[in-house]
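Fair warning: this is a prediction, and the values are worked out from it, not measured in the lab. Below, chains carry the letters A, B, ... as their sequence lines are ordered, and counting in each starts from 1.
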Amino acid sequence: MGAVVLRGGAPYGLDPHDIVIDDGVITAMTPSNQSGSNALPAEGVELELDASGCTVIPGLVDLHTHLREPGREDAETIATGSQAAAMGGFTCVHAMANTSPVADTAGVVEQVWRRGVEAGIVDVRPVGAVTVGLKGEQLAELGAMASSAASVRVFSDDGLCVHDPLLMRRALEYVKTFDGVVAQHAQDPRLTEAAQMNEGALSARLGLAGWPAVAEEAIIARDVLLAEHVGSRLHVCHVSTAGSVEVIRWAKTRGIPVTAEVTPHHLLLTEELVESFDPIYKVNPPLRRAEDVHALREAVVEGTIDIIATDHAPHPREDKDCEWAAAAMGMVGLETALGIAVEVFIESGLLTWRDLADRMSTIPARIGQVADQGMPIAPGSAANITVWDPSPQGPLEVDALVGKSGNSPYLGRQMPGTVRHVLFRGRPSVVDGALA
Amino acid sequence: MQMLGKHLLSAGDLDRAQALMILDTTAELASVTERSVKKLPTLRGRTVVNLFFEDSTRTRLSFELAAKRLSADVITFSAKGSSVSKGESLKDTALTLEAMGADAVIVRHGASGAPYRLATAGWIDGSVINAGDGTHEHPTQALLDAYTLRSHICGGQGDLQGVHVVIVGDVLHSRVARSNVLLLHTLGAEVTLVAPPTLIPVGVESWPCSVSYHLDDALMQADAVMMLRVQAERMAGSYFPSTLEYSRLYGLDAPRLELLKDRAIVMHPGPMNRGLEISADVADSSRAVIVEQVANGVNVRMACLYLLLGGAGSQAGGD
Amino acid sequence: MVFLSSARVVLDQADISRAVRRISHEIVENSRGSDDLIILGIPTRGVPLARRIAETVAQIEGHPVPCGALDVTLYRDDLRLREVRALEPTDIPAQGIDGCTVVLVDDVLYSGRTIRAALDAVHDLGRPAIVRLAVMIDRGHRELPIRPDFIGKNLPTAKDETVRVRFVEIDGVDDVMIDSESVGDADAG
Ligand SMILES: [Zn+2]
């Protein structure tokens, strides 16, 4: 494909520039107000995209995505999940291992990786299971997955916690060979048996079995100490409580190599929504108190929580069209993550666009060790680019979600803008708010 | 005016005036139940569905009798012997009931909040009455308890201002306790929950009641003591070390009965575990109003059905 | 409740007292030879009227006359046309109504549907020998074959008019008014 010119967009929300992309790389950037810019190639411009009034940031990288394939293609496939990701401004997603079969062998992760390449609109990076079948009993073939074509670097039993402390220790140690990272879904299983929502005054009143904050905090505390002891990297999935933030802050102060993520829904929604008993709000870890939301936002701002990750969890309609206890846990989030982040951090002035790009692109790419992702908007960078249009949107409708499942808690919500264009390795994946 | 909302889902939905309206209506209906012709034509042509996903013969029969005494057509879907037991979803069952033209659905379900889903998901149009959902609520039980308390302690009139009720047992898993705390508070009663700390929910501080771990102290203040059913299986979950220890610390037996005020009554929502939370001699004593609670249950449910279905509902404007 | 200027008083306190006396005398005359007279008022305003009639009859007869209240709400055929109504007390004299002469008392007779409901309610209570009907006002427009035995006043009305009976026991004043605008929650039947 010939050159692409992105006109008038403001990198990181600063001054508008015209950006030239050729052969998958940003080749030139000139301020838009300099007319007759000589940086534009004289010929061979195949596509011009209008980005005036928009903000240009590196393509987003999600460290925590459930694409459901193989096994639950009724909920999502690698192809539809890739589309949802692109529409949400992502150029790379990490596909969680809790599929059926579980992604615990080189064969499965290579299959997932290959399907991602076939879909071809985002990088699909498989996450390998830590233990065989996510059973928490025996290490999966971590080395084989790492050296496979998928070159897995992130390992997680997400959905389940690696709760056996010895097994967790071994996993942390073992992935050092290839500088991998274990991403822990921190949930003590015994403390959360049959848990339905955050434990506290509201769960007491609603008669729903509680998911106490301590069940998350205790595992994180144990794991950071283990990571320190064996000198390994640890990543904590979907941190949801103020107490977890304190533990992680303490660990970072001690110099323990821990990184952490938070989901958009834990940054915005609170447990009061459960009062409706509408399972659209059922998610794991559960929605917490306003105090937790506040602490999580603060942690993102100060960097105690390193990144925002979606935990995009598609479920078919029937898994939510039922009573609370029977409903599946999880929310879709790829299409809405950036909008929620903008609402929470940009509109409030808590973060600059550059800060937000770090937390949604650069740092997750670094944690996942993904080449060519999360690079700055600058000449020489791989052209993974997202263009955010801040024009106010109407209420979010289910038809706007291109993934297979519509279990979004934000339906009917006014979003602060929309993803206008996305370039994936120099090629447009989204143009004017539609899949290219 | 509209006296109640469209549904009866939580005892917390009722304000004082509405709760008193139900109790006063119950009192009027009780006089009908005492005469030889017990049937009233009030709900002729209305269809009431008993939808029981959980086995509870006594509650089901109570609602059935209440609906029949008001001449409603009553259909019972129970977990046994219907498609419900074959794994049909709540939604599909609801759509079936809607097709049958149910004016009210009385639902008992093992999942907290299931009646809310029925009432709000748009699957059915009729009124929903919560007949017990998981460990959440059982509002008609609280109403019949309040009615029983009022007739014994308050001369059958007014609210329960100043009445002290002690609720003892597995509060954590009890929908009866939740509904009673809310309703008794609304009616002005003072409630003390007594249980081992393991059977009191985290977050109880926000409830309008006090909590004690010591039964004997609490009993001396009580105008009524309500014993909750304790399942022996809770022992396996380490909620208490043994049934023997439980009944020694929290069971109501004859010596403890002596601690009560002269006119204090003993209540139990049933079914009882004689020998665990209540001794046989206490259950059969003159203090116990347990059988009367059952009789009041029918009248309270008639009152709820009348007040929910006995008018035009929300479609017509009041005048 | 709004009282518009078009409301006019058709019976005052003295008229009402006279009507009660006349009705009471007629009841005594009509039920001569029957010891088992029971006066049952239909709430709300049938009840104080029944009480006044029962007292007057007792004065004439020289012995007390049992009097009670009979709420007919649960027997109405028009429940679904209006918001749900609160039940009023039903109070049947202890001896019951079997074999008695029951005089039903209401303030206004209109469509006749309230009395139809009352007859059903009486039927479920027992088997009286005779049932009679006394009303303060008969305003016409009957929808059922029901006719009062004792009437305070015949008051021909238009359908869009409202007849309002007030008694001291409930309203603090005794009078009957007619109003050409429909206001408040007046006579349903
Ligand atoms: Zn997880």
When rounded to the nearest 0.5 angstrom, what distance separates CD in E318(A) from OG in S89(B)? 9.5 Å

Please round to the nearest 0.5 Å and tell me the distance separating atom CH2 of W123(B) and atom CG of D321(A). 5.5 Å

Side chain to side chain contact (heavy atoms under 4.5 Å, CB included) between E323(A) and D133(B): does it pass, once the steps are laid out? CA-CA 11 Å; E323(A) 61 275 21; D133(B) 61 329; over 6 Å; no

Proximal component of H109(B), with respect to chain A [non-hydrogen, under 4.5 Å]: side chain

Distance col, row S112(B):OG vs L206(A):CG, nearest 0.5 angstrom, shows 8.0 Å

So how far is it from R117(B) CZ to C322(A) SG, rounded to the nearest 0.5 Å? 7.0 Å

How long is the span from the OG atom in S203(A) to the NE2 atom in H136(B), to the nearest 0.5 Å? 11.5 Å

Are the side chain of R178(B) and the backbone N or O of A204(A) linked by a donor-acceptor pair below 3.5 Å? yes

Where is the tightest heavy-atom contact between L208(A) and T135(B), given as atom of each residue plus distance? N-OG1, 4.4 Å

Counting heavy-atom pairs under 4.5 Å with chain B, the top scorer among A209(A), P212(A), P279(A) is P279(A)

Exceeds 12 heavy-atom contacts within 6.0 angstrom, atom NE2 of H185(B): no

Which portion of A114(B) sits near chain A, non-hydrogen atoms under 4.5 angstrom: both

Is the CD atom of Q414(A) crowded by more than 12 outside heavy atoms at less than 6.0 Å? yes

